[in-house]
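Remember, predicted model here, so these are calculated numbers, not experimental data.
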Amino acid sequence: MRTQAQAAVAVVALSLSLGLMAGCSEDHRTPKTATGTLEQLAAQAECTPEIATDAAELKQANCTTQDGRYVLATFATDRGQREWINGAKDYGGTYLVGRKWVAVGEGKVVTALRGRLGGTVEEGSQHHSGSSGSGGSEPGHSGHRTS
């Protein structure tokens with residue numbers, strides 16, 4: 001008799017915990033990652049893009065929304081996108097990445113934008129401060145040291 005009661009309690013507890021977990025995950029869903037032209041992505045992000053670059057391999061625009069300012073870029077190829085991101089990450093920032101597009105801005109802006117465009121968040125390097133550096137004595141950096 002006692003084992004049946006314990007089993008029933010375990011089933012109820014499991015059901016409740018699964019229900020609570022399902023409820024939590026639904027509140028924080030990210031939409032399916034958007035696709036399209038720069039103009040289509042900007043419309044989904046509720047931005048009127050100010051085109052800064054319009055080339056065959058890269059189209060880039062500045063956007064300002066109620067959440068803040070960011071740069072939105074689309075690419076002709078996946079490889080071109082990855083090369084651009086890898087180079088840009090050296091300058092820091094937060095990147096929202098979709099297929100053949102990226103948005104760059106402050107973390108809070110990118111987080112808000114992710115709620116409209118989906119995508120994956122990537123962080124840039126934090127070690128650049130705009131100065132000329134410390135002479136290369138940091139681990140992983142080369143440089144000259146005086147003795």
- Indicate if Leu41 and Val102 have the same hydrophobic cluster label, given that clusters are the connected sets of ILVMFWY residues with side-chain heavy-atom separations under 4.5 angstrom. no
- With the side chain counted from C-beta on, respond yes when Thr94 and Arg114 share a heavy-atom pair under 4.5 Å apart, and no when they do not. no
- Atom of Cys47, atom of Thr65 and distance for their closest heavy-atom approach: CB-CG2, 3.9 Å
- Indicate if Phe75 and Val104 have the same hydrophobic cluster label, given that clusters are the connected sets of ILVMFWY residues with side-chain heavy-atom separations under 4.5 angstrom. yes
- Note on the structure: Shortest non-hydrogen pair, Pro49 vs Cys63, comes out as CA-SG, 4.1 Å
- Message: Between Leu72 and Val121, is there shared hydrophobic-cluster membership here, with clusters defined by ILVMFWY side-chain heavy atoms closer than 4.5 Å?
- Response: yes
- Item | Glu123 atom CD, over 12 foreign heavy atoms within 6.0 Å | yes
- Item | Considering all heavy atoms, the nearest Leu113-Ala45 contact | CD1-CB, 3.4 Å
- May I ask you to decide if Ala88's main-chain N or O and Tyr95's side chain share a donor-acceptor pair within less than 3.5 Å? yes
- Message: Within the supplied structure, the quantity of interest is the number of heavy atoms (other residues, nucleotides, ligands) at a distance under 6.0 Å from Arg82 CZ; does it exceed 12?
- Response: yes
- Would you mind telling me which of Thr53, Thr37, Ile51 makes a side chain to side chain contact (heavy atoms under 4.5 Å, CB included) with Lys59? Ile51
- Find the distance between OG1 (Thr35) and CD (Gln44) and round it off to the nearest 0.5 Å. 7.5 Å
- Note on the structure: Closest non-hydrogen atoms of Thr74 and Gly36, given as atom of the first, atom of the second and distance, are CG2-O, 4.4 Å
- Distance-only, no hydrogens or angles: does the Gln81 side chain make a donor-acceptor pair with backbone N or O of Gly98 under 3.5 Å? yes
- Test side chain to side chain contact (heavy atoms under 4.5 Å, CB included) applied to Arg99 and Thr33, step by step: CA-CA 8 Å; Arg99 177 116 198 288; Thr33 302; 5.8 Å; no
- Message: Has Arg69 got a side-chain atom pairing as donor or acceptor with Asn62's backbone, closer than 3.5 angstrom?
- Response: no
- Message: Tell me the closest heavy-atom pair linking Leu96 and Gly118, and the distance in Å.
- Response: CD1-O, 3.2 Å
- Message: Less than 4.5 Å apart, side chain to side chain, heavy atoms only: is that true for Leu117 and Trp101?
- Response: yes
- Tell me whether Trp84 is reachable from Leu38 by hopping between hydrophobic residues (I, L, V, M, F, W, Y) whose side-chain heavy atoms are closer than 4.5 Å. no
